[in-house]
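Read the structure below first, then the notes.
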Amino acid sequence: MENTLGLEIIEVVEQAAIASARWMGKGEKNIADQVAVEAMRERMNKIYMRGRIVIGEGERDDAPMLYIGEEVGICSREDAKDFCNPDELVEIDIAVDPCEGTNLVAYGQPGSMAVLAISQKGGLFAAPDFYMKKLAAPPAAKGKVDIDKSATENLKILSECLGRSIEELVVVVMKRERHNDLIKEIREAGARVQLISDGDVGAAVSCGFAGTNIHCLMGIGAAPEGVISAAAMRAMGGHFQGQLIYDPEVVKTGLIGESKQANIERLNSMNITDIDKVYDAHELASGETVLFAACGITSGNLMQGVRFFSGGARTQSLVISNQSKSARFVDTIHMSGDPKVVQLH
């Protein structure tokens with residue numbers, strides 16, 4: 001699957017990032033997201049595959065593109081019979097976030113990305129549009145830190161695994177009221193906290209790389225993005241755990257659903273009966289082959305954002321594969337005009 005789709009999924013996230021980056025700093029987060037969706041879908045529908053969106057642009061709304069259940073790939077075109085035989089094409093599940101961090105793009109802040117994960121059919125957990133308690137850590141701490149332990153206990157374990165003092169550790173937490181006690185505990189334990197307003201996929205993935213100065217992600221964020229993060233960490237051997245949060249009193253703001261009981265009933269209707277189960281990366285991204293791809297929209301810890309110049313644009317992308325056990329950073333020049341006038345700045 002990597003050999004068949006590797007380069008093309010990079011181009012999918014690149015096109016989404018370029019489209020969204022044109023709206024960077026304009027205060028229009030919905031437009032920044034919309035153009036990313038359109039660009040991602042257009043490029044995706046040129047790939048010779050049978051794709052199905054399992055995490056996309058909204059489980060409950062009427063998103064017109066990249067909605068959950070939408071079929072994508074060359075065979076989804078009206079003239080598909082002229083291009084493909086479905087029985088000959090790879091069948092895959094896809095999780096997408098064409099503009100991870102729409103507010104970051106709208107206000108010109110760092111860390112927004114176009115991201116996706118793919119696996120064989122049935123290889124990605126179809127997370128409900130709820131929230132998720134998350135714990136991400138480097139490969140050295142895999143299976144040693146645990147989401148059921150306190151932040152203080154996990155920081156001690158992480159310190160031992162990495163051979164660093166707790167004071168040298170940096171933990172990323174989303175700046176939300178629900179995390180006030182968590183932030184206080186992390187600081188009292190001696191570690192440093194990096195607060196982010198949006199975009200915890202990048203923070204989770206950063207934990208898997210040495211040199212990013214990010215050693216852990218803790219706290220509650222969106223569940224669909226948790227699956228995408230898990231796919232990346234599964235592919236690179238990092239630690240990721242997630243637990244669905246269905247109680248509005250825990251999240252405090254923004255939880256979809258009318259009440260705790262209604263959310264429990266909805267989970268049961270989706271055949272999720274162990275509602276407090278802690279999922280690891282292999283359960284959230286269970287396919288034999290897992291690919292993760294991202295392209296920076298605005299610059300962050302992992303990648304440069306899109307840079308426009310006369311005659312084109314320059315992007316930096318990342319593709320992680322558990323098949324080849326590799327993480328490739330790809331620096332690309334996109335020439336939209338006369339190649340003779342392309343200048344790099």
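Starting from 1, each residue takes its place in the sequence as its number.
Side-chain atoms of Glu177 and His179 include no donor-acceptor pair closer than 3.5 Å. Checked by atom type, the side-chain pair Gln34/Glu38 shows a donor-acceptor distance below 3.5 Å. Under 3.5 Å, the side chains of Glu185 and Thr152 contain a donor-acceptor pair of N or O atoms. With hydrogens and angles left out, the side-chain atoms of Ser150 and Glu153 include a donor and acceptor closer than 3.5 Å. Side-chain contact check for Gln109 and Thr298: no donor-acceptor pair (N or O, by modelled atom type) lies under 3.5 Å.
Scanning all heavy atoms of the two residues, the minimum distance from Ala235 to Val290 falls at CB-O, 4.1 Å. Residues Leu66 and Pro98 come closest through the heavy atom pair CD1-CG, 3.9 Å. Shown here for Ala313 and Phe308, the closest heavy-atom pair between the two residues is CB-CD2, 3.7 Å. The heavy-atom pair separating Ala203 from Leu217 by the smallest distance is CB-CD1, 4.2 Å. Of all the heavy atoms in Gly221 and Met174, the pair that sits closest is CA-SD, 4.3 Å. Closest approach of Leu302 and Gln316 over heavy atoms only: O-OE1, 4.2 Å.
Within 6.0 Å of CE in Met24 there are 12 or fewer heavy atoms belonging to other residues, nucleotides or ligands. Counting non-hydrogen atoms of other residues, nucleotides and ligands closer than 6.0 Å to CD of Glu167 gives a total above 12. More than 12 heavy atoms of other residues, nucleotides or ligands lie within 6.0 Å of CZ in Phe209, so this atom counts as buried by the packing criterion. Within 6.0 Å of the CD atom in Glu42, the count of heavy atoms belonging to other residues, nucleotides or ligands does not exceed 12. Within 6.0 Å of CG on Asp181 lie no more than 12 heavy atoms contributed by other residues, nucleotides or ligands.
Formation of a donor-acceptor pair under 3.5 Å by the Ser206 side chain with backbone atoms of Gly202 is found in this model. Judged by distance alone, the side chain of Arg234 and the main-chain N or O of Glu283 form no donor-acceptor pair under 3.5 Å. A distance-only check finds a donor-acceptor pair linking the side chain of Glu100 to the backbone of Val201 [under 3.5 Å]. With hydrogens and angles disregarded, no donor-acceptor distance shorter than 3.5 Å links the side chain of Arg52 to the backbone of Glu70. Judged purely by atom type and a 3.5 angstrom limit, Gln241 uses its side chain to pair as donor or acceptor with the backbone of Ile147. Side-chain atoms of Arg328 do not come within 3.5 Å of backbone N or O of Ser326 as any donor-acceptor pair. No donor-acceptor pair under 3.5 Å is formed between the side chain of Thr289 and the backbone N or O of Gln323. Under a 3.5 Å cut-off, the side chain of Asp129 and the backbone N or O of Pro224 do not form any donor-acceptor pair. Side-chain N or O atoms of Gln243 include one that pairs as donor or acceptor with a backbone N or O of Asp276 at under 3.5 Å. Asp33 contributes no side-chain N or O that, together with a main-chain N or O of Lys29, makes up a donor-acceptor pair within less than 3.5 Å.
Seen from the ring of Tyr279, Lys277 counts as a face-on cation partner, given the 6.0 Å and 45° thresholds.
Using a 4.5 Å heavy-atom cutoff, the side chains of Asp331 and Arg314 are in contact. Taking 4.5 Å as the limit, some side-chain heavy atom of Cys99 sits within range of a side-chain heavy atom of Ser20. Leu116 places none of its side-chain heavy atoms less than 4.5 Å from the side chain of Ile228. The shortest side-chain heavy-atom distance between Phe292 and Met233 does not fall under the 4.5 Å cut-off.
Looking at Asp198 and Lys175, no side-chain N of the basic residue comes within less than 4.0 Å of a carboxylate O on the acidic one, giving no salt bridge.
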Stepwise salt bridge (charged side-chain N to carboxylate O under 4.0 Å, His left out) test for Glu8 and Arg43 | CA-CA 8 Å; Glu8 293 199 275; Arg43 180 63 185 88; 3.1 Å; yes
Before giving the answer on salt bridge (charged side-chain N to carboxylate O under 4.0 Å, His left out), spell out for Glu168 and Arg192 the whole-Å C-alpha distance, their side-chain angles and the decisive distance to 0.1 Å.
-> CA-CA 7 Å; Glu168 292 178 313; Arg192 296 171 291 167; over 6 Å; no
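Note that the SG atom of Cys207 and the NE2 atom of His215 stand 9.0 Å from one another [nearest 0.5 Å]. In this structure, Glu225 CD and Asp97 CG are separated by 4.5 Å, a value rounded to the nearest 0.5 Å. With values rounded to the nearest 0.5 angstrom, Asn154 atom CG is found 10.5 Å from Ile166 atom CD1. Rounded to the nearest 0.5 Å, atoms OG (Ser159) and CZ (Arg164) are 10.0 Å apart.
For residues 101-122, the set of pairs meeting the salt bridge (charged side-chain N to carboxylate O under 4.0 Å, His left out) definition, not counting sequence neighbours, comprises Glu91-Lys121.
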